[in-house]
Structure formats: structure tokens, C-alpha cells
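This report refers to the structure that appears directly beneath it.
Scope of the values below: all heavy atoms of this structure, side chains included, with no hydrogens, waters or symmetry mates.
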Amino acid sequence: MNFAPILEIVRELKDNTPTGEKPNQELKESLNAKLKAFGNVRISGRLAVPPRVMGKAAFVHLSDGVCRLQIYVRKQDAKPISNDTGETIDEEGKAWEVFGLLDHGDFIGTEGYLFLTNTGELSVHVETIQFLSKSLMPMPDKMHDIADPEISRRYRYVDLIASSLRNKTDDELEEERQTGVKKLTTREVFERRAKLISGMRRFLDDHDYIEVETPMLTPKATGAAATPFETDHKALGIKLYARIAPELYLKRLTVGGFEKVYELNRNFRNEGLSHKHNPEFTMLEFYCAYMDVNGMMDFAEAMIKKSVRKAVGSLQVKYGGHEIDFEQFERISMKEAIARHWDAKFSKLGSETFEESWLDDSKKLVLLFRFFDWKVEEDIFSSEQMLQEKIDDMWKVTNQRLEEDHIGFDVTEARASISLARLFEIVAESKLIQPTFIIDYPKSISPLSKASPENPQIAERFELFINGMECANGFSELNDPQEQYERFVDQMKERETGDEEAMVLDEDYIRALAYGMPPAAGIGIGIDRLVMLLTNKHSIRDVILFPHLRPEKRDEDRKDEA
RNA sequence: CGGUCGGUAGCUAAGUCUGGCUUAAAGCAGCGGACUUUUAAUCCGUUAAUCGUGAGUUCAAAUCUCACCCGACCGACCA
């Protein structure tokens, strides 16, 4: 059916009706005659509101989960359809009886002709009505959100019903008008998520990438540094781990000749839950042969721009108090970022003054890291009352302790690198609001990336930060089996010294590299976090349909009481 | 694991600081009734709450104290 002429008629009435006034009766009647000429329509859906009954006629809206259309049931005009025979029951008042049994939330099917009401709303004048399905539970309040976040996340279906049935209050509409930010319904959040994902898939497909599926259950938890979920395979009698990243499998595929591959699927990490961490999360990883880190940044930027525009309709996004602009992606090195966001409170440290060159000095790096780490622990870092004296004193103490520990004489490259990275997290990370590629990562914390030809201590690696959140991580892939083996060995040494995050050695991957892997660049993009940014949601749980929650305790309580 | 805030009918919630004249408001939903163009329909009537759980203080506790449970946010942990 072509809806355009119908919309045209609705618009004509609206255009000729001053706001707040009832439409002209004559015009309405003439338009209604045109509408009736279209013949009958059939619609079905859920009763979006409790029926508004007025004696012998009633209005009610039907919802299909997204939109709603009003139906008008008049006692003398409607006939019910029997669910037993499928036939219309031609009995005076029977449909009205059936209608009287309906509740907010039930599903019905109707047939009738279109018309415009006295207030100008397009409605269906019902001729036949059929009961389809019952809602036994009470519907959520039509004017309020589900206030309890637990209900909206644990019983997502209720949340989705609520968001589809709910009307916005005048205050909310006014607020949206003033701020220009539309508050998304739960439904819209997940529609936007779907659009972003399909936009990304489309972009990659258009650039000749092939989507693949690599193992979710793996004998080794590799490709990233994280605690895995463990399970075991009974028939094989082996331990399996839920994958923490598909990285090494995807790179095996580049060895096998897939020059452009991607996988968009779940990763699992057995770690803490937070507003930006869920045990399972969605990651897009892709690899492109003969590309390097800079090419990858260009490509990723183009892809994110295009899919953001597709999902949101623009490149500017309001997030909390910030407006994030996806128009420009800055590229600065880790050291530059630290220097730029260095807190002026810490410019003078004892008799010394902070300079960017300190960031090239291994001993100073360790010193600064210890200084800040200690302050974070003491919870003084965030205090407004910080006095220069106190800073000087702490600086002195940190220096002394370092001397006592005899560190500084043989600061390892790895230790300095870790200090630099931690310093970056403390000083700069949260300040990176606009899309920013941080480049020049230390090699020792990037065991899968290729080292820079100009500076062997630096990896050809970047991470993308938006609103202080790490959203992507990419690099020129290390494809030398010998060097990769050595890097894994270094990681194992780190592990032995207590760094549990260090990466696990994967011999088969080394073997794959030994067959020859083309030079390639790859990236992993955290989809959930990106969706958070695009939907103005501040918890990852609000962009995952069924997030992980503590198991429900209520039933147990009841058992205990019994 | 630490800090902050919260838990009162099916939903949204007032009351908690300053314990008692509150029979624990009110709106929505529900139930009964009126109404043949309403739209957060309206009008009349009405049901519904061991005030998160347990203990304590008190003549008296939704209100004060302690413990516990549940949740949110912020930290810690976690690329």
C-alpha cells in the first residue's frame, strides 16, 4: 500500500489548522471522504494505552513497538472475529463485549477504514476486531520511565515495552527543544547500535574485507592480556578458554592469504564489572595486508566517520556536558599528551621544574610514576587543598625512597615504559575528550606490534581515545617469527616477576608466522564504548541488551523465609 | 574491596534531618459506575503498603542506632 497520499491528506488538514485549534469541520469531512475511498486497512498490535471508553465508543492506540496508530471502536459499527472459526460473529453488541475485556498491553487485530478525528489525528474506524494475545502482567506507567535501573536491565523486555508505550511529558519535550538533544528511548538506543554496526560492516564489505568467524573456545587465551573464563572439553579432556581476543587467529588468516579480514563479535574477559567493562563485549577487529599504522589510522578514521554519520545523522554528538566532534581526529604522541595535560599544580617539584624532556629520562619516569602512584593511593592527588609544600615534601620522600631501593642506576627499558604508560593514564587519559589517536607507544608494552624503524624502543602502534575512554587499539603487525618469539619470552619473564597481565606464549602462532605473514596493520574497536558515546549513555550496561548482573537474590530470599 | 546515595501499594512517589494529630499523603494503573470524536480524556465511587530484612533504643520508630540484603554512581582492580 502506498502511504504517501494518506500522509498528504493528513498534512493538508494540519496545514489548514492553526495550532491549538480544532480543525475545520467541512474540510475534515471532505478529506475523510477521500480517506474512505482508500478502502479498509488492517492493523494489529499491542494496546499502547488503557482504552479510553466513552459510553458506547472508545479510542485506543495500537503500538507495533515503534509507532502507534489510534483506532476508534464504536459499539454499533464493530463486529468481532471468532478465534475458533475465523468467522465474523454477526451479533449485536458482541464486539463491544469483547472490547470490554481488553486490557492495556493486550494484542489485537483490527480492520476498518481510515478517518481524521475532531482533533485531526489519523485513526482507524474499526469494523472487525479480533483478540490475539493477553498480557497478564501490568503494563509500565505510560508517563514515566522505569525508575529502577535494575528492572530496566534485568527485565529488558519490560523496559522495551515501557519505552515503546511511553509518552513524553511536556517538560521533557520542552527540555529537548531547549537543549536540542533528543533523549533516546531504549528501543532507539539499540536501533542506533544496530545502525552503527551495519554501517561498519557495509564499509568493510565495500572495501573488499571478508568477514570470518574464528574460535570462541580456544586452548590458549592469547591475543591480549586479560584473565580468561575457563571451561573444559569432556571428550578431549582438555581445558578451554573463552577467547579474550581473536587477534592471533585473524593474523593466521593473513598468513593463509586473506589479505583483508574482519570479525565483529564477542570477546570474554573474566575481570571486574564497571560502567565501561562487561564480561562479554563486542569487538570489531580487522586486518589489512600491505598497510601500516598510519594507513590504518586513516582508514579507521574514515570508517568511524562514515558509520557515525549513518547511525546518528551527524558527526557532532552531545555526551554529558561535552560535545564530541567526530569531524577531526587529532594525532599526538603519548609523551606530547602527557606534557600537554600536565597539571600546573605539579609544575614545581621541590627545587626542580617539570620539563617534557623528563619523559625521555628512564629514571625520572620511574620517579614520577612512583610519585603519582603514591599520591593516588594516599588520595591526595584529587584534593583541592594541595599545597606546594606538601608536593615538595612528597617529591623529596619519593626521591629518597628511590635512592634507598637502589633503583635508578639500572632502570630497565620495560620498567621505564610501563611507568610512561601509567603516567599517561594518570595525567592525560581522562582529558582526551575529542577523538584523539595517541601514537608512539613504548615497544615493551606492545608485544604484538612492529617496532618503529626510526626508534627501536617505540612501537608502530596507536590507541584511539574519546571522552577519556580507550575506544580502539591498532598497530603495524609484528610479522617476524623470531622477534615475536623473543617478545613472548620477554612477556613470560614479566609474568614471572608478577605481571599477570603479560601475554601468554602461543607456539602455533609462531609457526604460522614462520610460514610468512605479509606486512599488515590491524585494529580492534570496542563497539560498546562507541555506542555509549553515540547514545549519551554513561554505562556499558545501557548499550548491551542483556548485561551481566548479579544473580537475582529475591527468589532465594523467599525460599529462606518459607 | 572502599566512599557516596538510595530501597515507602503493580508503577511514580511525599513524609525521614527535627520520633507522636498521618488512620502512611497524592497521581497513574486496577476494580465498579456515567459519558458515541478522545488522546496524560473527564467525572463519581473503591481496592491496594508487615515503609528492603533482622535486632536494638523508646511510653511511642517509615523516621534514631547497629548488622545484613539489594541496587546505582564514584574509586580500587581490569589495556
Side-chain angles (χ1 to χ4, degrees), chain A residues 22-23 25 28 32 48-61 68-78 96 103-105 115-123 125 136-154 158 162 165-173 224-227 244-245 267 269-279 281 376-377 379 381-382 418 421-422 424-425 429 438 441 445-447 461 463 465 469-473 499-503 524 526 529 538-539 541-542 549-554 556-558 560-561:
Chain A
K22 288 201 172 179
Q25 286 296 312
K28 197 198 79 177
N32 275 346
V49 289
R52 290 185 291 277
V53 181
M54 292 160 300
K56 297 189 177 75
F59 286 99
V60 63
H61 282 91
R68 61 186 87 191
L69 181 61
Q70 180 167 258
I71 60 167
Y72 175 59
V73 182
R74 201 154 70 156
K75 187 176 178 182
Q76 75 224 45
D77 296 343
W96 195 245
D103 286 314
H104 187 195
F115 76 110
L116 294 161
T117 68
N118 279 348
T119 54
E121 178 166 345
L122 184 69
S123 308
H125 193 122
L136 297 175
M137 303 293 273
M139 283 297 110
D141 188 295
K142 65 176 173 294
M143 291 313 287
H144 294 96
D145 274 324
I146 307 258
D148 185 344
E150 189 183 355
I151 290 176
S152 71
R153 291 164 184 174
R154 202 182 285 282
V158 179
L165 300 189
R166 184 167 169 272
N167 290 319
K168 279 179 178 157
T169 63
D170 292 344
D171 289 350
E172 284 172 321
L173 290 170
T227 314
I244 55 175
N267 286 349
R269 295 187 186 177
N270 201 348
E271 285 164 356
L273 285 77
S274 85
H275 66 108
K276 44 179 149 168
H277 296 90
N278 195 60
F281 60 100
V376 169
E377 279 172 16
D379 200 26
F381 182 47
S382 57
I418 289 165
R422 283 282 295 144
F424 166 75
E425 285 168 25
E429 197 174 292
I438 295 297
Y441 268 68
I445 57 165
S446 314
R461 174 184 177 192
E463 286 196 358
F465 288 87
M469 261 192 309
E470 181 201 334
C471 291
N473 177 16
D499 183 2
E500 290 176 11
E501 291 165 29
M503 220 171 273
R529 291 178 177 183
H538 296 247
S539 171
R541 291 173 172 188
D542 291 332
L549 301 170
R550 219 175 283 272
E552 201 164 14
K553 285 286 170 59
R554 290 169 190 181
E556 288 174 25
D557 291 349
R558 285 196 205 101
D560 291 347
E561 281 162 23

**OP:** For B:C1, give its Watson-Crick or G-U wobble partner with both distances under 3.5 Å, or none.
**Re:** B:G75
Subject >> Gap between atom CG of A:Asn32 and atom OG1 of A:Thr117 - 0.5 Å precision >> reply: 9.0 Å
Original post:
Any side-chain heavy-atom pair from A:Glu470 and A:Glu429 closer than 4.5 angstrom?
Top reply: no
Subject >> Below 4.0 Å: OP1/OP2 of B:C35 and any side-chain N or O of A:Lys75 >> reply: no
Subject >> Chi-based syn or anti call at B:C64, which uses purine or pyrimidine torsion atoms and a 90° bound >> reply: anti
Subject >> Value in whole Å for how far the P atom of B:C31 lies from NE2 of A:His104 >> reply: 12 Å
Subject >> Polar side-chain atom of A:His104 near backbone of A:Pro51 as donor-acceptor pair, under 3.5 Å >> reply: no
Original post:
B:U58 and B:G20: how far apart are their C1' atoms, nearest whole angstrom?
Top reply: 12 Å
**OP:** Identify which nucleotide among B:U36, B:C35, B:U38 has an atom closest to any side-chain atom of A:Val53, counting heavy atoms from C-beta outward.
**Re:** B:C35
Original post:
For the side chain of A:Tyr72, counting heavy atoms from C-beta on, which of B:A72, B:U38, B:U36 is nearest?
Top reply: B:U36
**OP:** Would you mind reading off the distance between A:Phe59 atom CZ and B:C35 atom P, rounded to a whole angstrom?
**Re:** 17 Å
Original post:
For the pair made of NE2 in A:His61 and C1' in B:A40, what is the distance, rounded to whole Å?
Top reply: 12 Å
Original post:
Can you tell me how far P of B:U36 sits from NE2 of A:His125, to the nearest Å?
Top reply: 14 Å
**OP:** For B:A40, take OP1 and OP2 only and decide whether either is under 4.0 Å from a side-chain N or O of A:Arg52.
**Re:** no
Subject >> B:A24 and B:G56, which share atom name C1', separated by this distance in whole Å >> reply: 23 Å
Original post:
CZ of A:Arg68 versus C1' of B:A40: gap in Å, rounded?
Top reply: 11 Å
**OP:** Measure the acute angle between the ring planes of A:Phe115 and A:Tyr72, then classify it against the limits of 30° and 60° as parallel, tilted or perpendicular.
**Re:** tilted
Original post:
Got a sec, which residues hit salt bridge (charged side-chain N to carboxylate O under 4.0 Å, His left out) with A:Glu463, two or more places apart in sequence or on another chain?
Top reply: A:Arg461
Original post:
With rounding to whole Å, what would you report as the distance between B:U8 and B:U63 at their C1' atoms?
Top reply: 12 Å
**OP:** Using the P atom on both, measure B:G10 against B:U47 and round to a whole Å.
**Re:** 16 Å
Original post:
Using the C1' atom in both, what is the distance from B:U46 to B:U53, to the nearest Å?
Top reply: 32 Å
Original post:
Taking atom P of B:U38 as reference, at what distance in whole Å does atom CG of A:Leu69 sit?
Top reply: 17 Å
Subject >> A:Ser539 side chain near B:C73 phosphate (N/O to OP1/OP2, under 4.0 Å) >> reply: yes
Original post:
Between the base of B:U36 and the side chain of A:Gln76, is there any donor-acceptor pair under 3.5 Å?
Top reply: yes
Subject >> From A:Arg269 atom CZ to A:Phe281 atom CZ, the distance as rounded to the nearest 0.5 Å >> reply: 4.0 Å
Original post:
For B:G45, which nucleotide is its Watson-Crick or G-U wobble mate, given both distances must be under 3.5 Å?
Top reply: B:C31
Subject >> Euclidean distance, atom CD of residue A:Glu425 to atom P of B:C77 [Å, nearest integer] >> reply: 9 Å
Original post:
Say you pick atom C1' in B:C11 and the same atom in B:A40; how far apart are they, in whole Å?
Top reply: 14 Å
**OP:** Sticking with atom C1', work out how far B:G15 lies from B:U23, rounded to a whole angstrom.
**Re:** 15 Å
**OP:** Indicate, with a heavy-atom threshold strictly under 4.0 Å, whether A:Gln70 touches base, sugar-phosphate, or nothing.
**Re:** base
Original post:
Counting side-chain heavy atoms from CB outward, which of B:G75, B:G30, B:U38 is closest to A:His275?
Top reply: B:G75
Subject >> Rounded C1' spacing from B:A41 to B:C28 in Å >> reply: 14 Å
Original post:
Using purine N1 to pyrimidine N3 plus N6-O4 or O6-N4 for Watson-Crick, or N1-O2 and O6-N3 for G-U wobble, each under 3.5 Å, what pairs with B:C68?
Top reply: B:G52
Subject >> Proximity to the side chain of A:Pro50 - top-ranked nucleotide from B:U38, B:G30, B:U36 >> reply: B:G30
Subject >> Spacing of OG belonging to A:Ser123 relative to CG belonging to A:Leu116, to within rounding of 0.5 Å >> reply: 7.5 Å
Subject >> Mate of B:A26 where both pairing distances stay under 3.5 Å, Watson-Crick or G-U >> reply: B:U12
**OP:** Select from A:Asp542 and A:His277 the residue whose nearest nucleotide in RNA chain B is closer to the 5' end of that strand.
**Re:** A:Asp542
Original post:
Could you state the NZ-P distance from A:Lys56 to B:A34, rounded to the nearest angstrom?
Top reply: 9 Å
Subject >> Sugar-phosphate only, base, or nothing, as touched by A:Lys22 at under 4.0 Å among non-hydrogen atoms >> reply: sugar-phosphate
